[in-house]
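Just so you know, residue 1 is the first one in the sequence shown, and it goes up from there. Everything quoted here is computed from the prediction, not taken from an experiment. Read the numbers this way: they start at 1 and go in the same order the structure lists the ligands and their atoms. Only heavy atoms go into these numbers, but all of them, side chains included; no hydrogens, no water, no symmetry mates.
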Amino acid sequence: MSYAFTWVFLAALASATAGRLWLAARQSRYVRAHRDAVPESFAGAIPLAAHQKAADYTIAKGRLQVTEICLNALLLLLLTLGGAVQWISAQWERVFPLDSIPHGTALILTVLALTSAIGLPATLYRIFGIEERFGFNKMTWKLFIIDTLKGIVLAVVIGVPLLVAVLWLMRAAGAYWWLYVWVVLMAFSVFMQMIIPTFIMPWFNKFSPLEDTALVERVERLLARCGFRSHGLFVMDGSKRSAHGNAFFAGVGASKRIVLFDTLVQRLNPGEVEAVLAHELGHYKLHHIRKSLAFSFAFALVSLFILGLLVQQPWFYEGLGVQSRTLPMALLLFLLVSSEFSFFLHPLGTVLSRKHEFEADAYATRFSESADLVQALVKMYRDNASTLTPDPLHSAFYDSHPPAATRIARLRTA
Ligand SMILES: [Zn+2]
């Protein structure tokens with residue numbers, strides 16, 4: 001504990017953990033306080049029982065979140081100052097020479113596998129406990145195991161070569177390695193945007209062309225009004241895993257496609273589907289996908305620049321309980337601890353995302369009926385048991401979408 005950085009790290013971990021717990025407590029308290037009355041603007045549209053179910057669902061998820069926050073803080077302490085990362089590194093030294101790429105790869109994969117394994121019970125409880133209890137879970141144990149195995153295969157086939165490439169660049173590319181790594185990571189993420197909808201998602205879900213001819217015609221008229229050429233309008237069998245509904249837009253260039261969850265198509269009428277799609281088209285037409293990508297690229301560049309400085313500092317390693325000062329070790333420590341230092345920057349991303357939501361709503365009202373979008377949103381909030389009364393501060397900090405009441409009030413005056 002002779003390093004000042006140890007204390008800096010402990011202060012960051014303590015304040016981020018306290019911040020997370022405080023926000024979670026506020027959210028639960030606020031939702032519970034508003035449990036017994038449907039907010040005025042939703043009276044008539046959402047029955048009290050549905051409102052109370054949303055409150056109980058939010059509170060149940062919040063409780064699990066509190067457990068996870070505490071567990072993650074303990075795990076991080078155990079890995080760093082507790083010496084677990086150093087111990088794992090020493091074990092791999094018996095197999096591979098320290099500071100070799102195989103050693104670094106094995107070290108990072110072991111720690112990541114370990115943290116995922118420790119997070120598994122919480123994931124299981126979320127799906128088979130909470131989601132099940134509130135009637136949203138459609139996932140079977142068999143499907144869960146298949147999904148997990150597929151996820152591991154993808155991580156090995158895609159993740160490991162990427163990790164090896166990054167470790168190689170860190171070693172071979174000279175003082176500006178962080179810039180080269182950034183270029184590789186950004187190229188990789190654009191590449192993934194292209195292959196995810198066409199090659200990876202079909203491995204997990206079935207995509208069938210939208211068949212309802214009346215709806216297809218309606219959507220095609222909308223696309224023509226918006227001047228958009230789609231490479232496919234698909235329905236995804238989201239109901240295989242969950243009763244939650246959604247619509248999204250995936251891919252770039254020739255792989256771009258519009259995807260509707262089957263659950264959504266069943267519940268919304270054609271006008272409402274059109275309005276939801278107009279909103280999604282708004283995200284595309286207003287370049288939101290590109291803008292958020294640019295934002296995360298800038299964030300990644302700053303992070304890698306900082307990592308470039310940290311790798312040379314003995315205090316960074318030793319302050320985090322590690323004696324083996326290798327480049328892979330620096331990368332691993334950075335991956336583990338950076339979220340504690342950047343926690344209070346979280347709202348920067350959500351501010352951007354909420355601005356985009358308002359813009360996409362405004363776009364939707366230009367090309368479809370705003371009343372339909374309001375109807376669709378009310379149905380989605382009701383059917384997904386999303387709370388209508390989030391704590392304002394919790395929502396401002398975390399939520400990618402504006403609170404329901406604010407969003408709908410704006411649409412009604414549009
Ligand atoms: Zn949106």
**Fill in**
Checking distances from the Zn ion (ligand 1), one finds that the N, O or S atom of E357 closest to it is OE1
**Request:** Please find out if the Zn ion (ligand 1) and some N, O or S atom of H401 are separated by less than 2.8 Å.
**Result:** no
**Request:** Please list, chain by chain and in numerical order, all residues satisfying ring pair (Phe, Tyr, Trp, His ring centres under 6.0 Å) with W168, sequence neighbours excluded.
**Result:** none
**Asked** Would the Y180 and Y176 ring centres measure less than 6.0 Å apart?
**Response** no
**Asked** Does the side chain of L154 come within less than 4.5 Å of W203's, by heavy atoms?
**Response** yes
**Prompt:** Below 2.8 Å, any N, O or S contact between H356 and the Zn ion (ligand 1)?
**Reply:** no
**Asked** Any salt bridge between R221 and E274, counting N to O under 4.0 Å?
**Response** no
